[in-house]
Amino acid sequence: MFVSGEVQGLLKRLKTVAQEFIHEGLPFNLPKKKIRMLNLIVERLDWNSTELSSYSSLLQTMMRILGTSEVCGITDNCMKLGELTQFMASSRNSTALNIAWDGYRQTLPEIQPSFIEIIDIINNVAQRGGYSDNGEYENSKFEMDDNDFMVAIDNLWDQIKPFYQKLHRYAREKLMETYPEVQFEDNLIPANLVGDVLGQQWNNIFDILKPYPDDPVVDITTAMVEQGYTVDDIFEKAESLFVSLGFQKLPDVFWSESMKVRPEDGRNVDCRIPTAFDLYSDGDVRIAMCANVDMAQMLTIYHEMGHCYNFLAYKDKHIVFRAPGNAAWREAIGDAIGLSASSPSYLRRIGLLQDNENDRSKINHLMNIALDRITKLPYALIIYKFQNDVYSGRINPDDYNEHWWNLRRQYQGMSPPTESSKYISICLLKCIY
């Protein structure tokens, strides 16, 4: 979304040439895709050096605060985000989960000023480019009118909503049985009980929600541990899958420069969101994450590798043509690969699953996928709607928390576990990065 000053200079020169070409008139037989790409060059937003510097500094401040913040008082040692993520995935102590959820969100007063400044910068750049705000600019990439785009998204959610409501109702009943000491609001689930530091996906509480507890399930974490898997082994298995599909092996720089696990030299690194990078230099693609040996992390690795192979597929194209067709394309590639890697047939092929499935174990497997995939959808919708409301100014900073939790109640059916835990600090960063 935001690129270096050098690349910005190149894009400005391209924009000037494209404007001249368009003003001289386009050949009637010029392919539609090329016309669209020319328009994208012309409409690309111009960031000046001051804006780029300010944005980068503010974003780094937010990431540093979130990456180095610690929650103390739960175990003998204070926990940063990586440890906290693992703790919330495994703990079934509601009091400890309250402390963990609440503690990490106390960073909001520190990062919200930076967030507000970033929104102002982004909106100013978009308005200078002829858009009402950055939300309108981002939506324009989907080649739909703003209203049509909103209608399309809401229609898609309406199709998914009945299934999600059934899944939510089932999960709520099971969680109420597991945590009788917790007060549940009407038809809502406390967000700290779903095993995720964001309250975004629920696969970490599969042990609570498993439909057939006495039947096996496709969870190959135990098999990986027993076979002595390392994080590098998972990455190599992912590469082998792509090679079997006809792709080339990853370049050496991927293996030497990617951050696959948390560094042991004491450096503070941002492990919040696993990310794939295209450095636009002769196939230089990398991944930055702090992976562990478990099934969820394995699927994330396959997903991020999908991004890398997507980058490599376009590495010989001009820089203008290396961006995805729209914001959904790259994630769709990653998810398609991730789902393939979770299939029982693939897991049997790589020796991580025994051939002992029955109908009940298949249902267990499908529930596990639903808890990982279906539960993410309302959260993604909330992020999108919150972004647009922030960009447009429909909500002011004093109302961010209230608006965020209103959306979570409406679409996700979730409530903050305590009054003080309404802070949304992690999500503010997710909204702009």
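Heavy-atom basis, side chains included; hydrogens, waters and symmetry copies ignored.
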Can you tell me if [X] uses its side chain to pair, donor with acceptor, with the backbone of [Y] under 3.5 Å?
X    : Y    : result
H365 : P344 : no
D399 : I395 : no
Q412 : R409 : no
N204 : A89  : no
R172 : L188 : yes
S69  : I65  : yes
N292 : D294 : no
Q127 : S132 : yes
T61  : S57  : yes
D102 : N98  : no

Inset, instruction - Could you give me the CA-CA distance, side-chain angles and deciding distance for Y137 and V125, then say whether side-chain contact (heavy atoms from CB on, under 4.5 Å) is met? - result: CA-CA 10 Å; Y137 169 65; V125 174; over 6 Å; no
What are the two closest non-hydrogen atoms of [X] and [Y], and how far apart are they?
X    : Y    : answer
D215 : N364 : O-ND2, 3.4 Å
K237 : Y346 : O-OH, 3.6 Å
L241 : S244 : O-OG, 2.5 Å
D133 : G135 : OD1-N, 2.8 Å
C72  : I99  : O-CG2, 4.3 Å
V243 : K249 : CG2-CG, 3.9 Å

Is the closest basic N to carboxylate O distance between [X] and [Y] below 4.0 Å?
X    : Y    : result
R373 : D335 : yes
D207 : R92  : yes
K385 : D154 : yes

With the side chain counted from C-beta on, respond yes when [X] and [Y] share a heavy-atom pair under 4.5 Å apart, and no when they do not.
X    : Y    : result
V293 : T221 : no
L193 : I205 : no
D196 : W202 : no
V285 : V253 : no
N123 : Y131 : no
S415 : W405 : no
L347 : M298 : yes
Y229 : D233 : yes

Legend entry - Residue among L250, D284, D278 satisfying side chain to side chain contact (heavy atoms under 4.5 Å, CB included) with L312: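 With L312 as partner, side chain to side chain contact (heavy atoms under 4.5 Å, CB included) holds for just one option, L250.
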Inset, instruction - Under the side-chain contact (heavy atoms from CB on, under 4.5 Å) rule, what do C308 and F254 come out as? Steps first, then yes or no, please. - result: CA-CA 9 Å; C308 287; F254 173 85; 3.9 Å; yes
Inset, instruction - Check the angle between the aromatic planes of F386 and Y400 and answer parallel, tilted or perpendicular using the 30° and 60° thresholds. - result: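 If you compare the ring of F386 with that of Y400, the planes turn out perpendicular.
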Legend entry - Plane angle bin for Y309 and F242 - parallel if under 30°, tilted between 30 and 60°, otherwise perpendicular: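 Correct class here is parallel.
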At what distance, to the nearest 0.5 angstrom, does [atom1] of [X] lie from [atom2] of [Y]?
X    : Y    : atom1 : atom2 : result
M88  : N192 : CE    : CG    : 5.5 Å
L59  : F115 : CG    : CZ    : 11.5 Å
E138 : Q387 : CD    : CD    : 7.5 Å
I369 : N203 : CD1   : CG    : 11.0 Å
E136 : S392 : CD    : OG    : 11.0 Å
L209 : F206 : CG    : CZ    : 8.5 Å

Inset, instruction - Output, in order, the C-alpha distance, side-chain angles, deciding distance and verdict of side-chain contact (heavy atoms from CB on, under 4.5 Å) for I122 and Y55. - result: CA-CA 8 Å; I122 295 173; Y55 171 84; 4.3 Å; yes
Legend entry - Evaluation steps, side chain to side chain donor-acceptor pair (under 3.5 Å), between Q60 and S56: CA-CA 6 Å; Q60 287 175 15; S56 177; 3.2 Å; yes
Inset, instruction - Kindly say whether the aromatic ring centers of Y411 and Y384 come within a distance under 6.0 Å. - result: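 Aromatic pair excluded; centres sit 6.0 Å or further apart.
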Inset, instruction - Not counting sequence neighbours, which residues clear side-chain hydrogen bond (donor to acceptor under 3.5 Å, both in side chains) with T75? List them please. - result: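 Here no residue qualifies.
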So with a 6.0 Å cut-off around [atom1] of [X], is the heavy-atom count from everything else above 12?
X    : atom1 : result
D282 : CG    : no
E181 : CD    : yes
N155 : CG    : yes
E70  : CD    : yes
D265 : CG    : yes

Inset, instruction - Let me see the working for W329 and N310 under side-chain contact (heavy atoms from CB on, under 4.5 Å), right down to the final yes or no. - result: CA-CA 10 Å; W329 168 254; N310 185 64; 3.3 Å; yes
Inset, instruction - Please identify each residue that fulfils ring pair (Phe, Tyr, Trp, His ring centres under 6.0 Å) with H307, with sequence neighbours left out. - result: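 H303.
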